[in-house]
There are 2 protein chains.
Amino acid sequence: MNHDSSLVNRLTDRLIAGELRPGERLSETALAKEFDVSRNTLREAFRVLGEQGLVTHIPHRGVSVASPSTADVVDIYRVRHHVECSVLEHAPRNHPNAVRMEAAVDAAEKFAAEENWLEVGTANMEFHNAVVSLSDSRRLMQSFSNVLAELRLAFLKVEVLDFLHAPFIGRNQEVIDVYRTDGPAAAATLLGAYLGDSERQVLGAYARAGQD
Amino acid sequence: MNHDSSLVNRLTDRLIAGELRPGERLSETALAKEFDVSRNTLREAFRVLGEQGLVTHIPHRGVSVASPSTADVVDIYRVRHHVECSVLEHAPRNHPNAVRMEAAVDAAEKFAAEENWLEVGTANMEFHNAVVSLSDSRRLMQSFSNVLAELRLAFLKVEVLDFLHAPFIGRNQEVIDVYRTDGPAAAATLLGAYLGDSERQVLGAYARAGQD
DNA sequence: CTAGCACTCATTGTTGAACAAAGATAGACG
DNA sequence: CGTCTATCTTTGTTCAACAATGAGTGCTAG
């Protein structure tokens, strides 16, 4: 997967893989020993993860894996609506990165057949990152990618990976088809409805799990 | 969020005030002594500034104040178009934060009368942050605020604060008026044209200054 | 003269130890 | 049962040291 051995990437990988659970306290000395780095180096990594929203830092109480609240989920979906829909709506009709979207759907289908839901989730994230990549904006992609990673923590928090992701693979494909045949505007409208449904499902899972 | 560091804030203030010029190299030992903190603490602050795009970090070569290229400016305006226009277009018709936009325009006019162009620029930034605040999304506001701060470094780089900002105060007011009378959609269209003009001016300044 | 090349030097990357400061924990007490 | 204090743990920060890398310097050969 990610072979970049930078400390931040190693930590990010473990976070989005769910090895470090949302809300879990991250002890500096323990993690420093585990990753075989000094506390100071680890703290530098913590700062960037904090800035990316993957980790919550409370002064004199240390850092914990971010544990998105219902309000956070709502906030994240606001971002998704604005960014994804706007980008898709104004994308040129035959953007080269459409193949990235296709590839993500293919990967998701493959993993779904194997019932590997964690990787289905990863492929789904890649699909939406691909959508935003139609903007040709490095900054928008970067910011959006951080928000999606945070959303993945929300999924992990309520532990409903399987049935949350599966139904949306087909809708991803549908978005691509409409984009190709009816154009960006129609695809954006479709994606907007898609996101609304997705948000409702996640909030439902939160309510069932009794989370705040 | 990052409360540990008034240090980050102190550095940010000096950056957007132009005391640390774009492209300027930031020596760890020198700055650590100047702010009377240790190198390690300063490095932690550098990480968050780097993540915010205010500072560029090159391994083994240290950090410099970000010096946005023409490509960066284009990228930043892509973000502005997507975020600002989408937020304004979908904003409710009478959002409370409209008063924030008004206040920013008033402040800009006051500073313009005093020919205090640096503060005019700050007020202008505040106007656009206020626009994005209509989204009611903490994350969108935070990301956007970072991008705007980076754009301010672009302004500082080509040193044309005065005539770049002055003409747009009236257009800010116009956006508010259209938002109130004709509604969000019309205001968004107007803002889009506004941003296009603004981008052209900045790129023109870059070309004149012979910057990349 | 200048293109390379080794060498030196300054800066960053990282470590480990140390201590202060704040929060968490637990036991004594009313 | 609650609360107050004493203790303990963890974070915040500093410092000194060294390794690793990049940049500047001057030498040599062509």
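In what follows, chains are A, B, ... by sequence order, proteins preceding strands, each numbered from 1.
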D/dT11 phosphate, OP1 or OP2, under 4.0 Å from A/Arg39 side-chain N/O:
no

If the test is side-chain contact (heavy atoms from CB on, under 4.5 Å), which one of A/Leu203, A/Leu151, A/Val147 qualifies with A/Tyr77?
A/Leu151

Salt bridge A/Arg200-A/Asp197, side-chain N to carboxylate O under 4.0 Å
yes

According to a strict under-4.0 Å criterion, is B/Thr41 in side-chain N/O contact with OP1 or OP2 of D/dT14?
yes

Report yes if some heavy atom in the side chain of B/Asn172 is under 4.5 Å from a heavy atom in the side chain of B/Met101; otherwise report no.
no

So what does A/Leu42 touch, heavy atoms closer than 4.0 Å: a base, only the sugar-phosphate, or nothing?
nothing

B/Phe127 vs B/Ile169 side-chain heavy atoms within contact, under 4.5 Å:
no

Is B/Lys33 salt-bridged to B/Glu28, going by a charged N under 4.0 Å from an acidic O?
no

Taking CZ from B/Phe35 and P from D/dT13, how many angstroms apart are they, rounded to a whole number?
15 Å

To the nearest Å, how far apart are B/Lys33 NZ and D/dC15 P?
11 Å

Nearest-Å distance for atom pair CZ/P, residues A/Arg25 and D/dT9:
13 Å

Given atom CD1 of B/Ile58 and atom C1' of D/dG22, what is their separation to the nearest angstrom?
11 Å

B/Asn40 CG to D/dC18 C1', in whole Å, measures 14 Å

First and last nucleotide of DNA chain C touching chain A, 5' to 3', heavy-atom cut-off 4.0 Å?
C/dT14 to C/dA24

Starting from P on D/dG12, measure out to CZ on A/Arg47 and report it in whole angstrom.
6 Å

Under a 3.5 Å cutoff, is there a donor and acceptor pairing between the side chains of A/Asn9 and A/Thr12?
no

Given atom CD of B/Glu44 and atom C1' of D/dC15, what is their separation to the nearest angstrom?
15 Å

